Amino acid sequence: MPPPHSEPYLSANERHPERSLQFDFVRATENAALSAVAWLGRGDKESADSAASDAIRGTLEQSDFCGEVVIGEGIKDNAPGIFLGEKIGSWKFPSPRFNIAVDPIDGTTNISKGLPNSISVMAAAHVPHGAAAAMVNIPTFYSEKLAYGPDVVAAMARDASLRFTLDTPVAQILERVATALGKNAHQVYVVVLDRPRHAKLIAEIRAAGAALRLISDGDVTAAVSPSLHDTGIDLYLGTGGSPEGVLTAAGVLALGGDQQLRMWPRDDAERAEIKASPAAADLGRIYYAKDLITSPSAIFCATGISDSALLPGVRLIGRKVITHSILMRSQSRTLRYIKTVHDLDFKTVRRSPDRKDHYV
């Protein structure tokens, strides 16, 4: 018997409802990938994004949870997407409440050109009773980002001299990461988005002698990769989309890695807008992953659309389609790789806004 005046007993699924919902989220990214791959190489990223968004909405409207999109795509680039403040899930009372971060396609330019490195990706964090939120929305279009894996996190915890932040010179960051991993600096692999704004950063990495991998798009994959044991990537550096940074935080937390993020106003107008808002106090703040995802009950999942360092893309073999997904849960640090075979004679995807099942 429980002691008098104790809180009512809650089952494991009631305390951590993401356990029973996690595969619903994987089905959503699978269906988004299956819907988007039809647009691979067709030069129409808006139609691909729209198809993926409709598949996610339609899939999750059948799942009993109250989801609010805290980190969404679409509004920032005037493209189709799933938007900030949008409601996802059945919203049947008394379903658990979740904050949602979603990018129906991370790498829309890549999918339009038929290039590698596009995924459908989501994160969900349970909002405990009485809490206002479980994710932090970063209001700037871009943020400075630095992501690294669990071995580096552990080394910095053991030895304070190995610690670094976004303000540490690049050469020192690379040297400390190398020491943490038992490597030489030239053996450290760094991923950076290939953008003109990164010219100075790229020059500094090359001057330090590190191995550099430039990517054209898809920085969620790039930023999660250092926390995975088999990608060969040690560090992600650069300025990229703020929504993608929050998605990344859910992934690295589940893997034991970390990320540093700081708002980066892209022009004077955006800086003035932030300074006039409540976010002004945090303009120079360095957020770590645990600052962005504040609930311990969070998941990260993604499905490959085209091949990437994180996941293989969609494969069509006769009347079968194979998808590859990743599913991570922060509470248990469980990492699952899921290979799914879909039979095209039977496979349907529920899509919004018509709420009907469509054959793939």
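Not measured: the values here are computed from a predicted model. We number each residue from 1, following the sequence as shown. Heavy-atom basis, side chains included; hydrogens, waters and symmetry copies ignored.
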Asker: Without hydrogens or angle criteria, can the side chains of Thr340 and Glu30 be said to hold a donor-acceptor pair below 3.5 Å?
Answerer: yes
Asker: Is it the case that Asp194 and Ser216 place a side-chain donor and acceptor less than 3.5 Å from each other?
Answerer: no
Asker: Side chains of Lys347 and Val321, heavy atoms from C-beta outward: is any pair under 4.5 Å?
Answerer: no
Asker: Looking at Thr231, is its backbone amide N or carbonyl O close enough to the side chain of Ser225 to form a donor-acceptor pair, meaning the two atoms are under 3.5 Å apart?
Answerer: no
Asker: Looking at every non-hydrogen atom in both residues, tell me the closest pair between Ser227 and Val252 and how far apart they are.
Answerer: OG-CG1, 3.7 Å
Asker: Please identify which of these residues, Thr303, Thr323, Leu40, meets the side chain to side chain contact (heavy atoms under 4.5 Å, CB included) condition with Val314.
Answerer: Thr323
Asker: Any donor-acceptor pair under 3.5 Å linking the side chain of Ser95 with the backbone of Trp91?
Answerer: no
Asker: Which heavy atom of Met122 sits nearest to which heavy atom of Ala28, and what is that distance?
Answerer: SD-CB, 4.1 Å
Asker: Please report the closest heavy-atom contact between Gly304 and Leu311, naming both atoms and the distance.
Answerer: N-CD1, 3.6 Å
Asker: Can you find a pair of side-chain heavy atoms, one from Asp167 and one from Ile286, that are under 4.5 Å apart?
Answerer: yes
Asker: For the pair Ile138 and Tyr287, evaluate side chain to side chain contact (heavy atoms under 4.5 Å, CB included) and give the outcome as yes or no after the intermediate values.
Answerer: CA-CA 10 Å; Ile138 302 298; Tyr287 292 86; 3.9 Å; yes
Asker: With Lys145, which of Leu237, Asp219, Leu193 fulfils side chain to side chain contact (heavy atoms under 4.5 Å, CB included)?
Answerer: Asp219
Asker: Which of parallel (below 30°), tilted (30 to 60°) and perpendicular (above 60°) describes His126 and Phe98?
Answerer: tilted
Asker: What is the minimum heavy-atom distance between Ser35 and Ala55, and which atoms define it?
Answerer: OG-CB, 3.6 Å
Asker: Minimum heavy-atom separation for Ala147 and Ala223, please, with both atom names.
Answerer: CB-O, 3.4 Å
Asker: Over 60° means perpendicular and under 30° means parallel, so tell me whether Tyr148 and Phe164 are parallel, tilted or perpendicular.
Answerer: perpendicular
Asker: Any sub-3.5 Å donor-acceptor pair from Thr334's side-chain atoms to Met328's backbone N or O?
Answerer: no
Asker: Do you know which of Arg350, His358, Lys356 makes side chain to side chain donor-acceptor pair (under 3.5 Å) with Asp354?
Answerer: His358
Asker: Please check if the side chain of Asn110 supplies one atom and the backbone of Pro116 the other of a donor-acceptor pair under 3.5 Å.
Answerer: yes
Asker: Is Arg197 close enough and on-axis enough to Tyr142, meaning under 6.0 Å and within 45°, for cation-pi?
Answerer: yes
Asker: Begin from the C-alpha positions of Val190 and Leu174 and carry the test side chain to side chain contact (heavy atoms under 4.5 Å, CB included) through to its verdict.
Answerer: CA-CA 9 Å; Val190 186; Leu174 295 172; 3.5 Å; yes
Asker: Would you say the side chain of Ile82 lies within less than 4.5 Å of the side chain of Pro104, judging by non-hydrogen atoms?
Answerer: yes
Asker: Could you tell me whether the side chain of Gln187 and the main chain of Asn184 form a donor-acceptor pair under 3.5 Å?
Answerer: yes
Asker: Look at the side chain of Gln259 and the backbone N and O of Gly245, then say whether any donor-acceptor pair between them is shorter than 3.5 Å.
Answerer: yes
Asker: Measuring only between side-chain heavy atoms, which start at C-beta, is Tyr337 closer than 4.5 Å to Leu327?
Answerer: no
Asker: Step by step, would you call Arg315 with Asp307 a salt bridge (Lys or Arg N to Asp or Glu O under 4.0 Å)?
Answerer: CA-CA 10 Å; Arg315 300 280 190 272; Asp307 290 345; 3.0 Å; yes
Asker: Carefully, step by step, assess Asp234 and Lys183 under the rule salt bridge (Lys or Arg N to Asp or Glu O under 4.0 Å).
Answerer: CA-CA 11 Å; Asp234 300 312; Lys183 296 182 175 184; 2.8 Å; yes
Asker: Within the side chain of Asp54, is there an N or O that forms a donor-acceptor pair under 3.5 Å with the backbone of Ala51?
Answerer: no
Asker: Using modelled atom types only, decide if a donor and an acceptor are shared between the side chain of Thr59 and the backbone of Ile56 within a distance under 3.5 Å.
Answerer: no
Asker: Counting N and O atoms only, with roles assigned by atom type, does the side chain of Thr348 sit under 3.5 Å from a partner on the main chain of Asp357, one being a donor and the other an acceptor?
Answerer: no
Asker: Between Asp49 and Thr108, does any side-chain donor sit less than 3.5 Å from a side-chain acceptor?
Answerer: no
Asker: Where do Ile305 and Ser120 come nearest, in terms of heavy atoms and distance?
Answerer: CD1-N, 3.9 Å
Asker: With ring pair (Phe, Tyr, Trp, His ring centres under 6.0 Å) as the test, would you mind laying out the steps for Phe25 and Phe65 before giving the verdict?
Answerer: CA-CA 11 Å; Phe25 288 104; Phe65 69 96; 5.3 Å; yes
Asker: After noting the C-alpha distance and the side-chain angles of Asp343 and Lys320, does the key distance pass the salt bridge (Lys or Arg N to Asp or Glu O under 4.0 Å) rule?
Answerer: CA-CA 5 Å; Asp343 190 321; Lys320 302 290 194 296; 3.6 Å; yes
Asker: For the backbone of Val153 and the side chain of Asp258, can you confirm whether one donor and one acceptor N or O come within less than 3.5 Å of each other?
Answerer: no
Asker: Does the distance from a Lys or Arg side-chain N to an Asp or Glu carboxylate O, for Asp24 and Arg27, drop under 4.0 Å?
Answerer: yes
Asker: In terms of side-chain heavy atoms, does Arg176 have a donor or acceptor partner in Thr179 at a distance below 3.5 Å?
Answerer: no
Asker: Mind running side chain to side chain contact (heavy atoms under 4.5 Å, CB included) on Lys275 and Leu283 for me, showing each step along the way?
Answerer: CA-CA 8 Å; Lys275 286 185 174 181; Leu283 190 55; 4.1 Å; yes
Asker: Between the side chains of Lys200 and Glu204, is the shortest nitrogen-to-carboxylate-oxygen separation below 4.0 Å, so that they form an ion pair?
Answerer: yes
